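The structure appears right after this line, and notes come after that.
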2 protein chains.
Amino acid sequence: MPLELSASQALGLWHAVSFGQVKLDGRDLTLRQMAILLEIYLVPPPHTVRGLAAKLGVTKPVITRALDTMGDMGFVTRERDERDRRNVVIKRTVDGALYLEKLCDLIIDQGRALKP
Amino acid sequence: MPLELSASQALGLWHAVSFGQVKLDGRDLTLRQMAILLEIYLVPPPHTVRGLAAKLGVTKPVITRALDTMGDMGFVTRERDERDRRNVVIKRTVDGALYLEKLCDLIIDQGRALKP
DNA sequence: CTTCACCGATACGGTAGCGTAACGAAGTCT
DNA sequence: AGACTTCGTTACGCTACCGTATCGGTGAAG
């Protein structure tokens, strides 16, 4: 069920959603942070710092910092892995799910409102 | 010609594009900067600092700084308005158009690659 | 000419991101 | 036991962004 977008639709959608996100939600997440957050919520767990860093092609401190920030926002939690106590497992939260749900609504609404 | 997206498609698309943009293009534009850039390129000119600030609901220095950064990247240029020399008119550039073209391709490709 | 309004840029102190490098804790191996 | 590896985190110096306040430069009105 692929999605066939015209150039105008593609950029128009990106524009409208970025725009709406800036106006409606004061938080100014970086593209990296957004990618990390979506990775955590859309890909089956478990998620680790190491794994996310490798998958996104960034260094580990980038992930640690992003998790710090998004942890403060209440979007993620960290827990030690009891099976191998070197690892830290990243957990989803209700607030994070709500945040992405709002983003999802925005994307759908803006897609629906697209001019041809 | 509106676009009907499922929740899974909406977030999946956002995820894939954010992800691809992080991996393929080192530049880590802020959501605000992205919104400003798309506003400049998708909405008919002229664009002014004042106008963009008002439309996005941010302060003028935010726009000035974003234009500085994106000017360094070669994505926009500024020119004084000769009719009212208080104004500065923001101009598009070839490099900016190319950047957005790549983004556009990414969105279309990822939309096409979406799993249902 | 003076005054006032407007526009974009700049200054300032503060915060948050960056990459590199090093660290402590935990597991592995001999 | 000790040496080595693998985790995530922290430290460091740096850059970029933030909001508030203010600054020149320009135009308009008296």
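So that the names make sense, note that chain A is the first sequence line, chain B the second, and so on, each numbered from 1. Heavy-atom basis, side chains included; hydrogens, waters and symmetry copies ignored. These numbers were taken from a predicted model, which means no experiment stands behind them.
Going from atom CE of A:M70 over to atom C1' of C:dG17 covers 13 Å, rounded to whole Å. Spacing between atom CZ of B:R27 and atom P of C:dG17 amounts to 21 Å, rounded to whole angstrom units. Atom pair B:I90:CD1 and C:dG8:P shows a separation of 7 Å (rounding to whole Å applied). One interatomic measurement links the two molecules: CZ of B:R32 to P of C:dA16, which rounds to 14 Å at whole-angstrom precision. Regarding B:L52, its CG atom lies at a distance of 12 Å from the C1' atom of C:dG8, rounded to whole Å. The interatomic distance linking B:I63 (CD1) with C:dT10 (C1') rounds to 16 Å, in whole Å. Rounded to whole Å, atom C1' of C:dG17 lies 12 Å from atom CG of A:D28. Atom-to-atom, CD of B:E79 to C1' of C:dG8 comes out at 15 Å; the value is rounded to the nearest Å.
Using a 4.0 Å heavy-atom cutoff across all strands shown, B:Q33 reaches sugar-phosphate atoms only and no base atom. When heavy atoms are screened at a 4.0 angstrom cut-off, B:T48 is found touching the sugar-phosphate backbone but no base atom.
Nucleotides of DNA chain C nearest to A:V58 and A:E82 differ in position, and the one nearer the 5' end is that of A:V58. In terms of position along DNA chain D, the nucleotide closest to A:L67 lies nearer the 5' end than the nucleotide closest to the other residue of the pair B:A66 and A:L67. Map A:V62 and A:R83 each onto its nearest nucleotide of DNA chain C; the residue landing nearer the 5' end is A:V62.
For DNA chain D, the span of nucleotides reached by chain B at under 4.0 Å from its heavy atoms goes, 5' to 3', from D:dC17 to D:dG27.
Within 6.0 Å of the CZ atom in A:R50, the count of heavy atoms belonging to other residues, nucleotides or ligands does not exceed 12.
For B:T93 (side chain) and B:G74 (main-chain N/O), a donor-acceptor pair under 3.5 Å exists by modelled atom type. Panel note: side chain A:T30, backbone A:Q33; no donor-acceptor pair is recorded below 3.5 Å.
Here the nucleotide nearest the side chain of B:N87, chosen from C:dG19, C:dG17, C:dC7, is C:dC7. For A:T69, counting side-chain heavy atoms from C-beta on, the closest listed nucleotide (C:dG8, C:dA26, C:dA16) is C:dA16.
Nearest approach of A:H47 to A:I40, heavy atoms of both residues: NE2-O, 3.2 Å. Nearest heavy-atom pair, B:V89 versus B:P46, reported as atom, atom and distance to 0.1 Å: CG1-CB, 4.3 Å.
No side-chain heavy atom of A:L106 sits less than 4.5 Å from a side-chain heavy atom of A:K102.
Distances shown here put a side-chain N or O of A:R65 below 4.0 Å from the OP1 or OP2 atom of C:dC18.
With respect to B:D105 and B:R112, no salt bridge is recorded, no charged nitrogen being found less than 4.0 Å from a carboxylate O.
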